[in-house]
Amino acid sequence: MTTFFLSVALGLCFLMLFSLYRVLFGPTVLDRLVGVNAIGSKTVVLLLLIGFLYERIDMFVDIALAYAFLNFVAVLAASRYFHKRKGLYEESFLE
Amino acid sequence: MTVSSNGGVKKGSTPPRTWFKAFFSFLLTFVFMFLCWIVLSGKFDPLLLWLGGISSFFVAYNFYDLLFPALGRRYFIIFLKFSAYVPWVIWEIIKANFHLLYLAFHPRLKEMIDPQIITFETHLKSDIAIATLANSITLTPGTITVSANSDGVFKVHAIDSQSADALPGIMLTKVAQIFGETI
Amino acid sequence: MNLLVVLFLLVGVFFFLGGAIGIIRMPGFYTRLHPAGILDTMGILLMVTGIALYNLIPFSFDSLLLSIKIFLIVFFVFLSSPTATHSIVDAGMRAGLRHWTNKKRRG
């Protein structure tokens with residue numbers, strides 16, 4: 001079971017690279033924000049899996065819960081910050 | 001009860017209800033907060049239990065009318081109906097998720113999707129009904145609520161015409177039924 | 001029981017994969033939000049349910065408390081994910097981003 005958890009965790013890390021593409025090359029700022037949000041939601045599960053691998057799940061649950069809260073607040077704050085910015089590199093939007 | 005016309009709970013402005021109701025609502029909040037404390041801490045030291053009791057007491061004393069505002073029969077019925085609504089909406093989410101998954105893996109993606117913004121009006125009055133409907137629409141894949149105001153006008157971004165057609169539909173009926181509103 | 005856990009985790013990873021591929025492939029900002037916000041929520045739901053089940057296997061009171069706590073994450077994500085998605089959409093609307101439309105269909 002440990003091997004399985006490890007492979008699932010590695011798979012999640014691999015998926016994070018996909019979202020990282022959006023963070024790096026996203027045409028607008030908000031696209032990057034979407035990518036960061038996706039990475040954050042994968043991290044929550046990854047933390048729980050790491051907790052099983054270290055056999056300290058009781059500690060890692062707290063970290064995962066706090067991370068979920070933090071991810072939510074970060075996305076809210078960032079999207080409020082970009083509320084009224086005009087022209088978020090819109091020209092790359094037209095295909 | 002004290003639920004005002006826009007669904008928010010007026011605090012302070014209303015004269016105190018009967019003393020007993022306020023106390024019962026306080027007690028319910030206290031028990032709920034204490035259960036949350038026990039689940040989150042997971043330890044049963046006397047010191048930690050005392051700390052949890054004291055902090056839940058403070059929270060319940062100050063905010064007893066936020067979580068369980070009106071202990072009327074109406075509130076209880078709404079709670080029961082809402083509990084019946086949650087499994088249905090989760091099932092709906094799961095069904096629609098597979099549709100979105102199929103879209104994401106489809107090789108000719110750009111021909112399949114047809115994004116559009118649609119607007120529809122409802123006659124929902126209370127804030128909580130509007131918030132429930134907006135969150136349900138967002139959670140159902142293929143549709144995202146862009147804006148919803150207190151007049152009940154919803155602006156929804158749908159990813160293809162299939163999800164756009166299904167929109168106000170049965171979900172609106174169910175939400176209106178829960179909160180006892182006209183559609 | 002272990003089989004159920006494995007199934008939950010694999011299907012969850014599959015949903016995450018769909019979300020990640022959707023984020024890359026979808027054209028336009030608003031369409032990207034659909035897989036990002038919702039397939040990821042579904043993936044979290046499935047994977048965390050699997051993890052909570054696995055935690056429950058040597059059943060005891062402590063493990064039950066811990067599983068409830070793990071499930072609290074799902075509850076919180078279900079509350080917060082629509083709000084975060086809506087907040088991003090709102091920011092995009094106010095910034096005046098146009099949404100990608102299918103020109104062939106519209107004619």
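The sequence lines fix the lettering, A, B, ..., with proteins before strands; numbering per chain opens at 1. Keep in mind that this is a model prediction, so the values were computed, not measured. FYI, side chains are in, hydrogens and waters are out, and symmetry mates aren't considered; it's all heavy atoms of this structure.
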With a cut-off of 6.0 Å (strictly less than), are more than 12 heavy atoms of other residues, nucleotides or ligands near CG of A:L17? yes
Roughly how far, to the nearest 0.5 Å, is the CD1 atom of C:I88 from the CZ atom of A:R80? 11.0 Å
Do A:K42 and C:I44 make a side-chain contact, defined as non-hydrogen atoms from C-beta onward lying under 4.5 Å apart? no
Is chain A contacted by the side chain of C:F16, its backbone, both, or neither, given a heavy-atom distance below 4.5 Å? both
Contact origin within A:L65 toward chain C - heavy atom pairs under 4.5 Å: both
If you tally heavy-atom pairs under 4.5 Å between each of A:S41, A:A68, A:A38 and chain C, the highest tally belongs to A:S41
Between C:L10 and A:F4, does a side-chain contact (heavy atoms from CB on, under 4.5 Å) hold up when you go through it step by step? CA-CA 10 Å; C:L10 283 184; A:F4 177 70; 4.1 Å; yes
At their closest point, which heavy atom of A:S79 faces which heavy atom of C:A91, and how far apart are they? O-CB, 3.4 Å
Going from CG on A:L48 to OH on C:Y54, what distance comes out if it is rounded to the nearest 0.5 angstrom? 13.5 Å
Surrounding CZ of C:F78 (heavy atoms of other residues, nucleotides or ligands, distance under 6.0 Å), is the total greater than 12? yes
Taking the side chain as every heavy atom from C-beta outward, state whether C:N55 and A:F52 have any atom pair closer than 4.5 Å. yes
Under a 4.5 Å heavy-atom cut-off, does chain A meet the side chain of C:D62, its backbone, both or neither? neither
Check the pair A:D58 / C:K69 against salt bridge (charged side-chain N to carboxylate O under 4.0 Å, His left out), numbers first and verdict last. CA-CA 9 Å; A:D58 50 342; C:K69 207 161 142 186; over 6 Å; no
C:I23 side chain reached by A:F18 side chain, heavy atoms, under 4.5 Å: no
Gap separating the CD1 atom of C:I73 from the CG atom of A:L47, nearest 0.5 angstrom: 9.0 Å
May I ask you to test the A:F5-C:L9 pair for a side-chain heavy-atom distance under 4.5 Å? yes
Nearest 0.5 Å, please: how far is CD1 in C:I24 from CZ in A:R22? 7.0 Å
May I ask you to decide if the ring planes of C:F76 and A:F72 are parallel, tilted or perpendicular, using 30° and 60° as cut-offs? perpendicular
Would you compute the distance between atom CD1 of A:I57 and atom CD1 of C:I51 and round it to the nearest 0.5 angstrom? 7.0 Å
Rounded to the nearest 0.5 Å, how far apart are CZ of A:F14 and CG of C:L17? 9.0 Å
For the candidates A:V44, A:D62, A:L33, A:N37, which exhibits the highest count of non-hydrogen atom pairs separated by less than 4.5 Å from chain C? A:D62
